[in-house]
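Just so it is clear, the structure is predicted and the values come from calculations on it, not from any experiment. Here is how names work: the chains are called A, B, and so on, in the same order as the sequence lines, proteins then strands, and each is numbered from 1.
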2 protein chains.
Amino acid sequence: MVESGARAPRADAQRNYERILDVARTVIEEQGTQASLRDVARRSGVGLGTLYRHFPSRDALLEALLRRRFDHLAERAEVLADSCPPWEALTRWLDEFVAGAGRYRGLPESIMATLRDDDSPLHAACLGMRRSGGALLQRAQLAGQVRADVTAVDLFALANAVGWIAEQDPALTGRREHLLALVLDGLGARPRQA
Amino acid sequence: MVESGARAPRADAQRNYERILDVARTVIEEQGTQASLRDVARRSGVGLGTLYRHFPSRDALLEALLRRRFDHLAERAEVLADSCPPWEALTRWLDEFVAGAGRYRGLPESIMATLRDDDSPLHAACLGMRRSGGALLQRAQLAGQVRADVTAVDLFALANAVGWIAEQDPALTGRREHLLALVLDGLGARPRQA
DNA sequence: ACCTGAACACCGTTCAAGT
DNA sequence: ACCTGAACACCGTTCAAGT
């Protein structure tokens, strides 16, 4: 019983891990993805080194907070592909993505940074999410509903751009869906429904 | 001759002002609008307090670098209105705006921050620039070439969103015009040219 | 009138010392 | 095995002291 493959973490370590994660969620909700890690450690009642031991980088913390959601969105694309017509599946998925990207201030920027950085612990999940959206895009393009000169990179970028701009001005936050709809409309093949 | 309204600045002060501005342009080209002001002072060979005396805030420095350009773009809108058909005037102006916003990394974000902050020395110039673009938008809408549910705030925001996303990924920087074209296409009234 | 740089209040990150 | 917090190298901003 002593050696069971991966050893169970010490009880205090586990408590710290969970406490830090809880506090981080709160602090990042308040201050955005660029929140002060010192503040997280302070409010967790934990030394700064302890935070870095459990989460060696800001992205590691973000991964713990967002990994599930990103993976969920990747799967969600497949569900939508099976249950909706091409254009509707695509726009619904993008609506959900952009709503999620609006959860924390700074998240669209973090997502783009993560895609740039092979070493980020969130890199693979982001790529996977983008690829899933890309499948919906391709499906809509094959159906002739989206212009052919749009790539998955373009599409994902534009969705993040909308998420970003919505957080730059209080007057725009409420118009996020409207802005996304405008952009998506531009991607539609010319004669779509009129 | 002693009092001629506004006194001429001391020669050393004027030299410092110009030196700081020159260096700031270089440093901001290198590091973006969030460049280290300490670094600017250091490389100007000037005390940190001297920088703050001449430019009491980061925006003051940005104003000195960008004011002309912003005012120029405002006037440019009138020229285009007089020399081009509505849709072409609008898209050309936006092309020029987005190209300018791509001059310094971080500029789209600074522009949006400036619009939010009444006290920024660039606030008025930004508002004026947006208003000028808005006039071109209205003209295109009156001509039935742009959908009616787009506001000047939406349009300016989307242009900045495209400028921002283009700097988030090297692969996108070269596709700035393409992304802008996609978005503008979405703003076009449905049956525009076939 | 203008310049200087120390001082203050913050960061992120690392790591020797403790338990 | 894990935790702690001082230490290091940076910020932006202010301001007393100098010339």
Side-chain angles (χ1 to χ4, degrees), chain A residues 2-24 27-28 30-64 105-106 109-110 113-114 117 119-121, chain B residues 2-24 27-28 30-64 105-106 109-110 113-114 117 119-121:
Chain A
V2 180
E3 49 248 80
S4 59
R7 217 76 87 271
R10 240 167 60 175
D12 58 343
Q14 173 140 11
R15 267 199 314 273
N16 280 337
Y17 178 91
E18 280 156 15
R19 178 109 183 89
I20 291 169
L21 206 52
D22 272 1
V23 170
V27 173
I28 287 179
E30 288 172 12
Q31 309 180 13
T33 59
Q34 294 309 312
S36 160
L37 298 183
R38 252 193 169 75
D39 207 24
V40 172
R42 236 173 347 231
R43 287 163 67 167
S44 301
V46 120
L48 199 40
T50 302
L51 186 149
Y52 274 92
R53 157 170 275 264
H54 289 294
F55 304 99
S57 68
R58 183 184 297 275
D59 274 10
L61 207 45
L62 281 180
E63 189 206 3
R105 193 154 34 90
E109 180 157 20
S110 297
T114 272
D117 176 15
D119 297 334
S120 164
Chain B
V2 180
E3 50 248 81
S4 60
R7 217 77 85 271
R10 240 167 57 174
D12 56 344
Q14 175 141 12
R15 267 198 314 273
N16 280 336
Y17 178 92
E18 280 156 15
R19 178 108 183 89
I20 291 168
L21 205 52
D22 272 0
V23 170
V27 174
I28 287 178
E30 289 172 11
Q31 310 180 12
T33 60
Q34 294 309 311
S36 160
L37 298 183
R38 252 192 168 76
D39 205 26
V40 173
R42 240 177 339 235
R43 288 163 66 166
S44 300
V46 122
L48 199 39
T50 302
L51 185 148
Y52 275 91
R53 159 170 272 264
H54 288 293
F55 304 99
S57 66
R58 183 183 297 275
D59 274 9
L61 206 45
L62 281 180
E63 190 206 2
R105 192 154 34 90
E109 179 157 20
S110 296
T114 273
D117 177 14
D119 297 333
S120 163

Return the set of residues passing side-chain hydrogen bond (donor to acceptor under 3.5 Å, both in side chains) with A/Asp12 (not counting sequence neighbours), or none when no residue passes.
-> A/Arg10
Taking the side chain as every heavy atom from C-beta outward, state whether B/Arg58 and B/Gln34 have any atom pair closer than 4.5 Å.
-> yes
Minimum side-chain heavy-atom gap B/Val27-B/Arg43 below 4.5 Å | yes
Pairing annotation in dot-bracket form, given for DNA chain D with Watson-Crick or G-U pairs under 3.5 Å and | for cross-strand partners | ||.|||||...|||||.||
If you measure only the distance, is there a donor-acceptor pair under 3.5 Å linking the side chains of A/Asp59 and A/Ser120?
-> yes
Mind checking whether A/Leu37 and A/Leu61 have side chains closer than 4.5 Å, heavy atoms only?
-> yes
Produce a footprint string for nucleotides 2-12 of chain D: one letter per nucleotide, 5' end first; B if the base is under 4.0 Å from any protein heavy atom, S if only the sugar-phosphate is, - if neither.
-> BSBB-B---BB
Please check if the side chain of A/Ser44 supplies one atom and the backbone of A/Val23 the other of a donor-acceptor pair under 3.5 Å.
-> no
Validation row: B/Asn16, B/His54 side chains within 4.5 angstrom (heavy atoms) | yes
